[in-house]
Amino acid sequence: MPLIPVDAPLEAVRQALLARQPLLGRADTAAPHREAEPPAVWREDIAGKNSCGRLRADPVALPVLRHVVGAATAMVAETWPVDAHGDPGFLTVLGAWDVDDLKPGFYTCSPDTADTGGCRLLAGAELLPGLRERYVQAPALLLLTGDFERIPPGADAAYGSLVSRVGALGHAIWRTAPAEGLAASLFGRTSREVTGLVSRLQPGQRHLFTVALGHPA
């Protein structure tokens, strides 16, 4: 399996803001390419803001995290409609270090469910301390992945489009977090360990982007 360059996700996001490419589905369901100018507010945010480098250790509430992810997902869906650009098969895994009512570990959570019963605890909790050292000491890490099995052979633009859209989701989370009193740090560096975790959950999934969330210091 080829390795993803450290700066590939962030560079692909930059390119996507200049000209969006459809994420091609399987060979028999490829969506037609439609060029469109991304919203000006996206360009202004990415050009004029930076990630928050320091986050407090205070716990965060699970319903707040779900609301942020849900709002960000809706924002990206408006910019990259699935019927025109294909379904990227995103999976968001919560690395919960200090999230109310959750013990430390990795979870998949239904964004429309406010109670902890909607969360599925995954294996690999021992990896979480190392990821916090690699990225930032945050109470919550959102690990964003995409499904590489949806990329048909020979579709040169599809990889960049997948990375672009998952990066756009990360930036949308960063944009929506302040409304809930949170701040975010963005990381394009991928993790083999997280890819191993999610590929066991769904074959074809690969870790592409990380968003750390917490209260601003």
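Quick caveat, the model's predicted, so the values are computed rather than measured.
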### Task
Dump the intermediate steps for side-chain contact (heavy atoms from CB on, under 4.5 Å) on Leu62 and Asp100, then the final yes or no.
CA-CA 6 Å; Leu62 180 59; Asp100 290 343; 5.9 Å; no
### Query
Where do Thr73 and Leu169 land on the side-chain contact (heavy atoms from CB on, under 4.5 Å) test, with the steps shown first?
CA-CA 6 Å; Thr73 301; Leu169 176 59; 3.9 Å; yes
### Message
side-chain contact (heavy atoms from CB on, under 4.5 Å), that's the test. Do Lys103 and Leu121 meet it? Break it down for me.
### Response
CA-CA 9 Å; Lys103 65 180 182 180; Leu121 178 64; 3.5 Å; yes
### Task
Could you go through the side-chain contact (heavy atoms from CB on, under 4.5 Å) check for Leu141 and Arg132 one step at a time?
CA-CA 8 Å; Leu141 296 176; Arg132 295 179 77 240; 4.2 Å; yes
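In this structure, Leu128 CG and Phe106 CZ are separated by 4.5 Å, a value rounded to the nearest 0.5 Å. With values rounded to the nearest 0.5 angstrom, Cys119 atom SG is found 5.0 Å from Leu102 atom CG. With rounding to the nearest 0.5 Å, the separation of CG in Leu131 from CZ in Arg189 is 10.0 Å. Between the CD1 atom in Ile173 and the CG atom in Leu186 there is a gap of 8.5 Å [rounded to 0.5 Å]. For the atom pair CH2 of Trp80 and CZ of Arg165, the computed distance is 8.0 Å after rounding to the nearest 0.5 Å. Once rounded to the nearest 0.5 Å, the distance linking CG of Asp147 with CZ of Phe90 reads 10.5 Å.
Looking at residues two or more places apart in sequence or on another chain, you find no side chain to side chain donor-acceptor pair (under 3.5 Å) involving Thr92. Here Ala125 pairs with nothing under the side-chain contact (heavy atoms from CB on, under 4.5 Å) rule; sequence neighbours left out. For Thr176, the side-chain contact (heavy atoms from CB on, under 4.5 Å) partners are Val68, Ala71, Ala72, Met75, not counting sequence neighbours. Legend: residues meeting side chain to side chain donor-acceptor pair (under 3.5 Å) with Glu126, ordered by chain and number and at least two apart, are absent. Taking Arg56 as the reference, Asp58, His215, Ala217 meet the side-chain contact (heavy atoms from CB on, under 4.5 Å) condition, with sequence neighbours excluded. Remark: Leu91 pairs with Val93, Thr108, Thr145, Val198, Leu201, Gln202, Gln205 by the side-chain contact (heavy atoms from CB on, under 4.5 Å) rule, at least two apart or across chains. By the ring-ring contact (aromatic ring centres under 6.0 Å, His included) test, Tyr135 pairs with Phe187, sequence neighbours left out.
Listed by first and then second residue, the salt bridge (charged side-chain N to carboxylate O under 4.0 Å, His left out) pairs that reach into residues 193-203 are Arg134-Glu193, sequence neighbours excluded.
Between the side chain of His207 and the backbone N or O of Phe209, at least one donor-acceptor pair lies under 3.5 Å.
Partner Val211 forms a side-chain contact (heavy atoms from CB on, under 4.5 Å) with one of Val69, Leu142, Leu143 and no other, that one being Leu142.
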